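These numbers come from a predicted model, not from an experiment. Protein chains get the first letters and strands the later ones, always in sequence-line order, with residue 1 at the start of each.
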Amino acid sequence: MKNKEVVEMLREIAEYLTIKGESRFKISAYEKAAHVIENLTQPIEELDALGKLTQLPGVGKSIAEKIHEYLTTGKSSYLEELKREIPREVFELMEVPGIGPKLAMRLYTELGIRSIDELEEAAKQGRIRKMKRMGVKAEQKILKGIQIYRMDAGRVPLFTIRPLVMEMVSYLKDKTGIERISPAGSFRRWREDVGDVDILVATDSEGQKVIELFASAEWTKEVLWRGDTKCSIVTPTGVQVDLRVVPEDSWGAALQYFTGSKAHNIRLREIAISKGLKLNEYGLYREDTGQKIAGLTEEEIYEALGMPWIPPELREDMGEVQAALQGKLPNLITEDDIRGDIHMHTNYSDGADSIKAMALKAKELGYEWIVITDHAIGLGVVGGIDYDTWKKEYEEAKQVEKEVGIRIFVGIEANIMVDGEVMISSPDMDFVIGSIHSGLDGSREKIMARYKKAIYSGLIDSIGHPTGRLLGGIRPPMDVDIDQLLSMAKDKGLFMEINAYPNRLDLNGPNVFKAKNMGIKLYIGTDSHATMQMENMIYGVHTARRGWAEKKDILNTLSSDEMEELIEKLKARRKAISV
DNA sequence: GCCGTTTTCGGCCCGACTGTTTTCAGTCG
């Protein structure tokens, strides 16, 4: 499946066209086509072979030809030509806030600037102010931009910034009494990583006060920009946070607008136009009279556009607008639906806490049951357990079950070894997660061969953290053919894990979406190694929501009796295999 | 470059800010 490569090619073309100063409509045509193919579940090669590329929305004759050429020759002559025409260094200059395609190209050709260091030097020497339509202020703006660029932490995993942002919101609410304060942007959509964070405040009279509080708080390492309605700061970890003050009667429109995504917003505005309306961040207006018909809440905006409110996690232009218009939005799983946690470790292997501590925490969280899955042998460093130790753990769990009054199932997290062997599994065990913990950098063929052998052995019930990735640039995902993996899981009736450990989130939203659409059942596992980590369930729930998962798709919503029934079936299935 | 149940041409999502300008292009979100 070469969808990803094609998407990258189209995006690259769009980037080069931007620098070339091509019509923005032509550029967005490439971006739109890329977006459509990105969300395609079918291999693009199949469509091409059938000559059906132009049936995709946003793909016409010209783009179809370029895709066809790429699929048959492995490259695009159009892109190659663009690359010859425009130097790669220009992209680096565009990384500086305030420098767009036009200026970057001019700096490259008129001053011969090849890097951000050279740009800084030129600005300091006063060479930039000598260019046409540039002045001293523009030069200083560039120097400021370079400073911001160097401070920028880039996209960071959501969990690294979420606690601080929530603290900001509650602090500002407490100090001002304003109710309508909320994060927006990709943060509110629960994207796994975020760039800048936007916080919105609705107030007609206290804007100055809020901005003062925000700018002078402890979390502010530096104020980048401060005005009447906007203030940008950088946190000690280098994340930019923008506070925006909006009029009270525009709260809903502003929240909708700044939550995005951009593609989702464009979709909504197209619908507004088709109804003779106009949507912007201040409200929804009649095109003819200019009369405002909605804006106070997000709900009334969506309603006026003829659809129910769409949860932020879905706003990625993955078909949610059409689903909403047809009344077919999924009824997304919520935290309240969660009745148990699967995948957790105790001090039997590498966890910090006892079975009892974990059980008590589960009870505090309002759960009916938990599935403990300590590491099995075959995992050197963490001291996995063998069958006899597992048996002991099982006995202890039965004791704790009575003491604490919560159903405790005891499974195992079995290693899928480099040769695909499963270490270890038994029909006695309540739930067997198969996970890869070693040889993560193997080739796609090797990884898939391991998965295949493990899945078809009949010894495992699920796949744990299927790609093995760690967010924040710590570890890339294994080279997994996710479609093939899901097909095998579907074939053998395995469950797929949504690992809720906040730097895993694995499966991620898009892959949950794929699994759900294939009819595969999933579960959320916190992979907790201490009681506190059981609170990470929230990350798993929102990852599931980003994949359109409903209550019925997720095992954690089963009652303890239903879970027990399922587990008996799984044990019987494993027993039948091992005889 | 794509698209069409008023259209095969002329539209295409919207608005703010900035700096260098006599009317707007470039950048950003």
Got a list of protein N/O to nucleotides 4-7 of chain B N/O distances below 3.5 Å?
none

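- Side-chain atoms of A:D506 and A:H465 form no donor-acceptor pair, as typed in the model, at a separation below 3.5 Å.
- Applying the ring-ring contact (aromatic ring centres under 6.0 Å, His included) test to every pair with at least one member in residues 179-206 of chain A, sequence neighbours left out, gives these pairs: A:W190-A:Y539, A:W190-A:H542.
- Residues satisfying the salt bridge (Lys or Arg N to Asp or Glu O under 4.0 Å) criterion with A:E92, sequence neighbours excluded, are absent altogether.
- Remark: B:dG4 base-pairs with B:dC9. Criterion, Watson-Crick or G-U wobble with two distances under 3.5 Å.
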Side-chain donor-acceptor distances from residues 155-164 of chain A under 3.5 Å, at least two apart:
| unit_1 | atom_1 | unit_2 | atom_2 | d |
| --- | --- | --- | --- | --- |
| A:R155 | NE | A:D193 | OD1 | 3.4 |
| A:R155 | NH2 | A:D193 | O | 3.0 |
| A:T160 | OG1 | A:P157 | O | 2.6 |

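- Not a single salt bridge (Lys or Arg N to Asp or Glu O under 4.0 Å) links A:E218 to another residue, sequence neighbours left out.
- The shortest distance between the side-chain N/O atoms of A:Y282 and the OP1/OP2 oxygens of B:dA16 is below 4.0 Å.
- Pairs passing the ring-ring contact (aromatic ring centres under 6.0 Å, His included) check and including a residue from residues 225-257 of chain A, sequence neighbours excluded, do not occur.
- Judged as a salt bridge (Lys or Arg N to Asp or Glu O under 4.0 Å), and not counting sequence neighbours, A:E300 has no contacts.
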Any chance you could list the contact pattern along nucleotides 24-29 of chain B? Use B for base contacts, S for sugar-phosphate-only contacts and - for none, protein heavy atoms under 4.0 Å, 5' to 3'.
--SSSB
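- Within residues 32-70 of chain A, the residues approached by DNA chain B to less than 4.0 Å at the level of any non-hydrogen atom are A:L56, A:P57, A:G58, A:V59, A:G60, A:K61, A:S62, A:I63, A:K66, in residue-number order.
- Sorted by first and then second residue, the ring-ring contact (aromatic ring centres under 6.0 Å, His included) pairs involving residues 114-156 of chain A (not counting sequence neighbours) form an empty list.
- Pairs engaging residues 91-121 of chain A under the ring-ring contact (aromatic ring centres under 6.0 Å, His included) rule: A:Y16-A:F91 [sequence neighbours left out].
- When the salt bridge (Lys or Arg N to Asp or Glu O under 4.0 Å) test is applied to A:E38, the partners found at least two apart in sequence or on another chain are A:R11.
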